[in-house]
Number of protein chains: 2
Amino acid sequence: MRSDDLPLVRQLDLFSEMAEKNFEDLMQAAYLQRFPPQVQLITEGDPADFLYIMVEGCVELFASANGRETTMAVVRPVSTFILAAAIKDAPFLMSGRTTEKSRVLMIPSENIRHVFAEDAAFARAIVRELASCYRSVVKALKNEKLRTAVERLANYLLRKHAEQGGSGQLLLPVEKRTLAALLGMTPENLSRAFATLDPYGVEVKGREIHLHQVADLRVLAKPSPLIDDPAS
Amino acid sequence: MRSDDLPLVRQLDLFSEMAEKNFEDLMQAAYLQRFPPQVQLITEGDPADFLYIMVEGCVELFASANGRETTMAVVRPVSTFILAAAIKDAPFLMSGRTTEKSRVLMIPSENIRHVFAEDAAFARAIVRELASCYRSVVKALKNEKLRTAVERLANYLLRKHAEQGGSGQLLLPVEKRTLAALLGMTPENLSRAFATLDPYGVEVKGREIHLHQVADLRVLAKPSPLIDDPAS
DNA sequence: CGACGATTTGAATAGGATCAATGGGAGTGG
DNA sequence: CCACTCCCATTGATCCTATTCAAATCGTCG
């Protein structure tokens, strides 16, 4: 793998405190793969042979049942995904596809489990990471069950706005159809939700969104730290 | 605590493989509390000072936002809850209240974190437990986003039916109002969902449910192992 | 420049929520 | 043990949100 990516991976909470030798062992066994957009990397139900780490690009995690499909999460660098399946040696619960040209580091789950048993610092880091992932999904479930579609969109915009510096504008990180699925609605309904937010100073120019009345939007959205704060 | 409960707790995956001494240390620090029904044990936003273990009874985990409230999960013996918050030393994302007379073992999070750092077997067990919890919530989120209300009810009935022996009947473990919230609908809508399932051989007698045409119900429900199987 | 897919808009429908009122069961107190 | 009461559950009517189907527009990539 490219040498200037290694420090980035090493800096991940998951790897930052483990013994150098164990880190090298993991990287030795790892593959850095490049993918074009719209490539399906993992399929739900398949065995989790690798832990995946986003190095560059974007991956959409999605799930299907009956004839339906929905987006579960959007993963951007630098972070891992499907850690739980890799640890449990269980089948994926979600599928994953690139939405952009991407580079992904793949570490065989077996090596993860092996080093996990050897390296206490790594084991602790995995626990912290898993606990964080767990809490993220709980927040997603609360978001879905406790809010209307418009509220979910409003809070999403506020969250991205804050992430991107809070300058009064933001860029949607994915296509609107994907965003719609992530927020639990149809693309048509997302368009209408944006229209509903127009009186609250939300201006849409393609993927570029301007927030002219953040305070008003916040009144509508009623953000909660226990759903929207990335930390906590 | 009562001596005949100890083996039960010890048999939990979480504790079964740790060193005897560490287990004793944890139990030494623990409190076994009895609670009447409808007592709120934890409140979302509060710091997670204890890990909770259901010994007897039933606890409903719920969450609120805006004026709304929803049930997130129902916890029965013998299992733990809010492990992630205890490990991360983070605020609860959910509140919890007893729905029956219950006995709950409370272990100070500090002790959990301490033994976690000492005992590798315990650390591994925590990882497995967290990974399982994570996957449970992912399944809950898929259930919520990919299915209609009637499908969620049908699959819930099939799941409980299997859990309770598959004899053609089952007993709802909670009040219908709570079940409605758990399945993401109103009590009124749950009544109507049951009525919708009548042609599929679902007979309702209070909390007692009879399934006369399991095969037909299964066709409607289209259960998926990646949502409904407790293992995997 | 042309074609394809994404997005938006409109109209009709369906699913679920809310409001209101009634029946039913469990628990309490006499 | 029985009667009362209260809350849960059900049913009906209506409203609202979101989905579906259809068509037009926009943008982007060859």
Q: Mind listing the closest non-hydrogen atom pair of B:A63 and A:K142 along with its distance?
A: CB-CE, 3.6 Å
Q: Taking atom C1' of C:dG16 as reference, at what distance in whole Å does atom CG of B:L153 sit?
A: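 B:L153 atom CG is separated from C:dG16 atom C1' by 14 Å.
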Q: Which heavy-atom pair separates A:H161 from A:S167 by the least distance, and what is that distance?
A: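 In this case the closest contact between A:H161 and A:S167 is NE2-N, 3.5 Å.
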Q: Nearest whole angstrom, please: distance from the P of D:dA18 to the CE of B:M185.
A: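 Whole-Å distance recorded here is 18 Å.
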Q: Nearest of C:dG16, D:dT10, C:dT9 to any side-chain atom of A:S191?
A: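 For the A:S191 side chain, the nearest candidate turns out to be C:dT9.
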Q: B:N189 and B:A149: which non-hydrogen atoms are nearest, and at how many Å?
A: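 So the two residues come closest at ND2-CB, 4.1 Å.
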Q: Which residue lies toward the 5' end of DNA chain D, A:N189 or B:R207, if each is placed at its nearest nucleotide?
A: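 The residue mapped nearer the 5' terminus is B:R207.
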Q: If the test is salt bridge (charged side-chain N to carboxylate O under 4.0 Å, His left out), which one of A:R152, A:K222, A:R218, A:R147 qualifies with A:D228?
A: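 Only one of A:R152, A:K222, A:R218, A:R147 forms a salt bridge (charged side-chain N to carboxylate O under 4.0 Å, His left out) with A:D228, namely A:R147.
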Q: So if I take every side-chain heavy atom of B:T186 and compare against C:dA17, D:dT10, D:dT19, which nucleotide ends up nearest?
A: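 The nucleotide sitting nearest to the side chain is C:dA17.
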Q: How would you label the contact of B:E188 with the nucleic acid (heavy atoms, under 4.0 Å): base, sugar-phosphate, or nothing?
A: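 Base: the residue B:E188, judged by heavy atoms under 4.0 Å, touches a nucleobase.
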Q: What's the CD-C1' distance between A:E175 and D:dT28, to the nearest Å?
A: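 Checked: the CD to C1' distance equals 11 Å.
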Q: Does the side chain of B:T148 get closer than 4.0 angstrom to OP1 or OP2 of C:dG15 through an N or O atom?
A: no
